[in-house]
Amino acid sequence: MANRYRTHNCGELNSRHIGQGISVAGWVNRRRDHGGLIFIDLRDRSGLLQVVFNPQVTEEAYRIATEMRPEYVVRITGEVARRPPGTENPRIPTGEIELIAREVEILNASRPMPFPIGDKSGIDESVRLKYRYLDLRRPQMQQNMMLRHSVIKFIRDFLDARGFIEIETPILLKSTPEGARDYLVPSRLYPGKFYALPQSPQQLKQLLMVSGFEKYYQIARCFRDEDQRADRQPEFTQLDLEMSFVDEDDVLDLIEELFTSLMVEIKPEIRIVKPFPRLSYHEVIERFGTDKPDLRFGLELADISDIVADSEFGVFRTTIAGGGTVKGFSVPGCADYSRKQQAELVEFVRTRGAKGLVTMAIEGEDSSADLSLDKVRSAVTRFFTLDQVRAMVKRLHAGPGDLLLFVADKSEVVNTVLSQLRLEMADRLGLADFNLMVFAFIQDYPLMEWNKEGDRWDSVHHPFTAPRDEDIPLLDTDPGRVRSRHYDFVCNGYELSSGSIRIHDSQIQEKIFKLLGYSGEEVRERFGHLLEALEFGAPPHGGIAPGIDRFVMLLAGEENIREVIAFPKTKSAIDLMTNAPDAVSEDQLRELHLMLRGVESQNFP
Ligand code: ASP
């Protein structure tokens, strides 16, 4: 690698190089003056190297070293030496050696840093994002970017070896419905017309199947103008994938093999569960209250409506009589929760939409078969018979020492709230193992759900998802009961991707568009190309699109996808480094045939 600047990378030097003359180049990570000697930790992408400037060795280099400040860019030539005994640093790979500088050149100076390169704690994220190019110098960020690179390279190699080809699709496109708002780009050449940035290459990958490519993938950028969260960005990256002549299991088997081998190769220290569980939508909602369950721990929900429907407890009874549900779960070892702790849990469920929370602490050490009512600490014990309490305890697989938590409401509310309370309790008890990733597939979703406000059906996934063959007749009679060929891929409580076997019959596709409330004209205008393509010998096909950012975030042990994206936007969709979005000139607007109406240029919040 020797060139004008360097013969070696800092981090690759070790005791084998002792006695050799070498050159290195990089950034001054730290400078220490020590009784007539100057020490510098020099940093390049590969790591740190200690450099010693001794005026007895060379006065000139020593003098230059006195001028060096953090983040100066320097080139240093010298000799690798063993560190004096007792001064080794076992925490860094080059800790046994140091470079005795003989010649040094300052290649560039640096202004004082807005924050120290090193630990990110205590640094406001907005400062990090404004100076993202400096933030990215931090070793943690460098590791995250390299991890991301390794993941993408692994995916490319894996799919290439299995006959997939990578095909790029356009960014300037027509609106594709994926359930979010589009980003629009005005056309200069065609006044009043707009391109839409793709929410995903969904239709294009299907068209590539019509073209006969059979196995396509792309590391694709997707754009969705929706409210931001820690795991969302206005633009994000998917492994977009599509295959012809496949059923669900073909796609899921491929994804299982890809993610298994990827984990073994890239993060062998993280355990996974094989085979990946394949669970039905109905089952996960019952057991975990959500279709993206964290399967690293139990705390499973159970429905006790049948047990308490005739109890003396009015809240449970009337909820069930009104069509609602009572569900709960048992938290091991929390029977000694104080009033204050229980009040916190009540507050937790209230702020998430439940009216209240019923708690029951099972005291004592006897087995639950011997349970008596005086062992049940709860404000509502008196409303239940011993048999009812025993049945509840049994249904929740609870025992002495456990705290039982119940919510009564409409089933959507019960599930949403309890799924969050389940995560909260797991967090409090430290049940989620950071060295475990439990991947799972969720299947058997309904195809459509009724949208009351819109007075129409909405796709649960997207409108191109195929219904189960045997349910096709129900499209005419009872669309809400049609099961779809959609699957989700989840891990540790995150949705990594959705996918499906697609509709390849234009008549069924047209029927679905109609059910979704599109008029004949809208269908022709928005989807005419797809419907037409399906009439030219479209093969059966299906695919999936795992989110790369979210997956790398999990692998990196980060809690925010911004940590694994080089230049992300803030939660309010702003690029703080370049100040985008930004106003444009009158000329630009005129060229695009645009006029701003009632908009005052707004400063960022
Ligand atoms: N295009 C879909 C999405 O972005 C994924 C797929 O169905 O393959 O969610």
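One-based numbering, in listed order, for ligands and for the atoms of each. Residues take their numbers from the sequence shown, with the count starting at 1.
- In this structure, Gln238 has a heavy atom closer than 4.0 Å to ligand 1.
- Distances between N or O atoms of Arg502 and those of ligand 1 include at least one value under 3.5 Å.
- Geometric assessment of Lys274 against the ring of Phe276 yields a positive cation-pi assignment under the 6.0 Å and 45° thresholds.
- Counted by atom type alone, Asn435 and Glu269 present zero donor-acceptor pairs between their side chains at under 3.5 Å.
- A cation-pi contact, defined as under 6.0 Å to the ring centre and within 45° of the axis, is absent between Arg350 and Phe348.
- Residue Ser200 places at least one N or O, backbone or side chain, under 3.5 Å from an N or O of ligand 1.
- Residue His486 places every heavy atom at 4.0 Å or more from ligand 1.
- Judged by the shortest distance from any of its heavy atoms, Gln199 lies outside the 4.0 Å radius around the atoms of ligand 1.
- Remark: among candidates Cys222, Ser498, Ala220, the nearest residue to atom 5 (C) of ligand 1 is Ser498, based on non-hydrogen atoms.
- An N or O contact shorter than 3.5 Å is missing between Asp240 and ligand 1 by distance.
- Using a 4.0 angstrom heavy-atom cutoff, Arg224 counts as in contact with ligand 1.
- Side-chain contact between Tyr281 and Gln443 is absent, with no heavy-atom pair separated by less than 4.5 Å.
- Residues Val273 and Phe439 fail the side-chain proximity criterion, which asks for heavy atoms closer than 4.5 Å.
- For ligand 1, the atoms sitting less than 4.0 Å from at least one non-hydrogen atom of Lys205 are 6 (C), 8 (O), numbered in the order shown with element in parentheses.
- Taking a cut-off of under 4.0 Å to the non-hydrogen atoms of Gly499, the atoms of ligand 1 that pass are 6 (C), 7 (O).
- Side-chain contact of Gln206 with Gln202: a donor-acceptor pair under 3.5 Å is present, judged by distance alone.
- Listed by number with element, the atoms of ligand 1 under 4.0 Å from a non-hydrogen atom of Ile544 are 8 (O).
- Contact atoms of ligand 1 toward His461: 7 (O) (distance under 4.0 Å to a heavy atom of the residue).
- A cation-pi arrangement is present between Arg162 and Phe158 under the rule of less than 6.0 angstrom and at most 45 degrees off the ring axis.
- A salt bridge links Arg128 with Glu563: the distance from a Lys NZ or Arg NE/NH1/NH2 to an Asp or Glu carboxylate oxygen falls below 4.0 Å.
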